[in-house]
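Below is one structure; the comments refer to it alone.
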Amino acid sequence: MNSKNENDFYLKVGETNLHLTNQNKIYFPGDGISKGDILNYYNEVSTLIVPYLKDRPESMNRFPNGINGASFYQKDMDLEKIPSWLKTEKIYSESNDKYIDYLLCNDKATLLYMANLGCIEFNPWNSTIKKMDKPDWAVIDLDPAKNDFKEVVKTALTVKKIMDELETECYCKTSGATGLHVYIPLGNQYRYDTVKLFSELIANKVVERLPEIASITRPIGNRGNKIYIDFLQNRQGQTLASAYSVRPRPGATVSTPLEWEEVNEKLSPAKFTIKNVLKRFDKKGDLWKPVLGKGANLELILKKISENPTH
DNA sequence: GTGCTAA
DNA sequence: TTAGCACAACGCTTA
DNA sequence: TAAGCG
Ligand SMILES: [Mn+2]
Ligand SMILES: [Mn+2]
């Protein structure tokens with residue numbers, strides 16, 4: 001239970017004594033960023049990120065040998081083998097007719113435990129175990145093909161424009177990879193199928209206004225070089241990288257909450273990395289706080305759509 | 001990355 | 001004590 | 001039913 005060396009040691013987090021291994025292993029070969037650097041980042045940012053993970057089942061995407069090594073997903077925890085202090089939730093899986101013990105990342109100790117398992121990124125559900133079938137937001141997930149990022153910006157601003165017309169707040173962040181995420185807070189009031197239908201409605205309006213740039217066609221081969229507006233993420237069990245999550249990509253980019261004023265032709269998502277975002281977060285605070293708030297009234301939004309001739 | 005088993 | 005090994009996803013949509 | 005997709 002004692003410290004060994006700087007590569008393999010125990011860290012006391014609250015009541016928990018965490019065994020951290022291979023802290024010197026390079027996870028990002030092009031950047032010289034180690035597993036320990038990732039752990040340090042999450043240690044610093046825990047109070048910002050944990051609210052977006054709390055009580056949400058996790059799809060772990062593990063990279064035990066760094067971003068160029070083999071990776072795998074893990075959802076089911078073996079309750080016989082994991083530490084008893086971890087919080088899990090048993091959820092029935094229809095496709096396999098069995099129960100899955102999902103891990104819940106509810107505190108800093110779990111955050112660092114998962115990072116030590118090789119979880120570079122955090123992929124929580126859009127709903128919590130409190131209301132499993134009712135997501136806290138609608139997701140408009142913008143996934144570019146080989147588009148100029150200016151087109152992604154243009155698409156996000158079109159989502160914003162439509163939501164402005166409907167007098168409804170929405171919030172933007174970089175995905176940390178190539179795209180952008182726009183979330184519309186809904187405060188776990190509506191079921192996934194309802195929220196998915198709403199998102200599809202918005203996605204269709206975007207494609208109507210930007211037919212050359214955006215698409216909701218699922219098969220890549222039929223999509224052309226267009227930005228995929230992925231409304232299908234609004235389903236139980238589907239996940240997106242959370243706000244403040246690192247991504248397993250060169251540079252160790254971070255999914256970074258943005259002010260809408262920053263969503264302009266100068267925006268470059270590769271600029272936000274673990275090497276510089278902490279300073280930004282100190283300055284800006286949690287720009288996404290309202291995403292966890294009360295949420296909009298969907299009935300009211302749909303009423304506005306039906307009454308507005310431009311919709 | 002971890003935990004179990006066979007050597 | 002250790003080298004070797006098994007094991008770690010789902011829920012749709014679309015053809 | 002199987003493959004594709006994120
Ligand atoms: Mn995306
Ligand atoms: Mn997507």
For dA9(C), does either OP1 or OP2 sit under 4.0 Å from a side-chain N or O belonging to Asn96(A)?
-> no
The correct set of residues in residues 221-231 of chain A placing a heavy atom under 4.0 Å from DNA chain D is Arg223(A), Tyr228(A), Asp230(A)
Here the distance between atom P of dG11(C) and atom OH of Tyr73(A), to the nearest Å, is 15 Å
Say whether Leu117(A) and Ile100(A) are linked into one hydrophobic cluster, either directly or through other cluster members, by side-chain heavy-atom distances under 4.5 angstrom.
-> no
Rounded interatomic separation in angstrom, taking CH2 from Trp125(A) and C1' from dG11(C) = 10 Å
Exam field: side chain Arg247(A) to backbone Ser175(A), donor-acceptor pair closer than 3.5 Å | yes
In whole angstroms, how far is the P atom of dG6(D) from the CE atom of Met60(A)?
-> 23 Å
Establish, with yes or no, whether the OP1 or OP2 oxygen of dG1(B) is under 4.0 angstrom from a side-chain nitrogen or oxygen of Asn116(A).
-> no
Establish, with yes or no, whether the OP1 or OP2 oxygen of dG1(B) is under 4.0 angstrom from a side-chain nitrogen or oxygen of Lys35(A).
-> yes
Output yes when at least one side-chain N/O atom of Lys25(A) is less than 4.0 Å from OP1 or OP2 of dG1(B), else no.
-> yes
Using only side-chain N and O atoms of Lys75(A), determine if any of them is under 4.0 Å from OP1 or OP2 of dG11(C).
-> no
Would you classify Thr239(A) as touching base, sugar-phosphate or nothing, given that sugar-phosphate means primed atoms plus P, OP1 and OP2, and contacts are heavy atoms under 4.0 Å?
-> nothing
Checking all strands, does Leu232(A) fall into the base, sugar-phosphate, or nothing category for heavy-atom contacts under 4.0 angstrom?
-> sugar-phosphate
Does any N or O in the side chain of Asn297(A) come within less than 3.5 Å of the main-chain N or O of Leu300(A), such that one atom is a donor and the other an acceptor?
-> yes
May I ask you to check whether Tyr171(A) and Trp137(A) place their ring centers less than 6.0 Å from one another?
-> no
Can you find a side chain N or O atom of Ser95(A) that sits less than 4.0 Å from OP1 or OP2 on dG11(C)?
-> yes
Could you state the CZ-C1' distance from Arg218(A) to dG11(C), rounded to the nearest angstrom?
-> 9 Å
For Ile91(A) and dA9(C), what is the distance between atoms CD1 and P respectively, to the nearest whole Å?
-> 14 Å
P gap between dC4(B) and dA8(C), integer Å = 15 Å
Check the distance between dG4(D)'s P and Asp143(A)'s CG and give it to me in whole angstrom.
-> 19 Å
To the nearest Å, how far apart are Asp78(A) CG and dA6(C) P?
-> 17 Å
When rounded to the nearest 0.5 angstrom, what is the spacing between CG in Leu103(A) and CE in Met77(A)?
-> 4.5 Å
Can you tell me how far the CZ atom of Arg62(A) sits from the CE atom of Met114(A), to the nearest 0.5 Å?
-> 9.5 Å
So which nucleotide from dG1(B), dC12(C), dG6(D) ends up closest to the side chain of Asp141(A)?
-> dG6(D)
Find which nucleotide of DNA chain C each of Gln238(A) and Pro219(A) is nearest to by heavy atoms, and output the residue with the more 5' nucleotide.
-> Gln238(A)
Any side-chain N or O of Ser59(A) less than 4.0 Å from the OP1 or OP2 oxygen of dC10(C)?
-> no
Taken to the nearest whole Å, CG/Asn123(A) to C1'/dA9(C) is 12 Å
Pick the C1' atom in dG4(D) and in dA9(C), then give their distance to the nearest Å.
-> 15 Å
Any chance the rings of Tyr244(A) and Phe281(A) have centres within less than 6.0 Å?
-> yes
Among Leu287(A), Thr174(A), Leu48(A), Val291(A), side chain to side chain contact (heavy atoms under 4.5 Å, CB included) partner for Pro257(A) = Leu287(A)
Does a side-chain N or O from Asn61(A) land closer than 4.0 Å to OP1 or OP2 of dG6(D), or not?
-> no
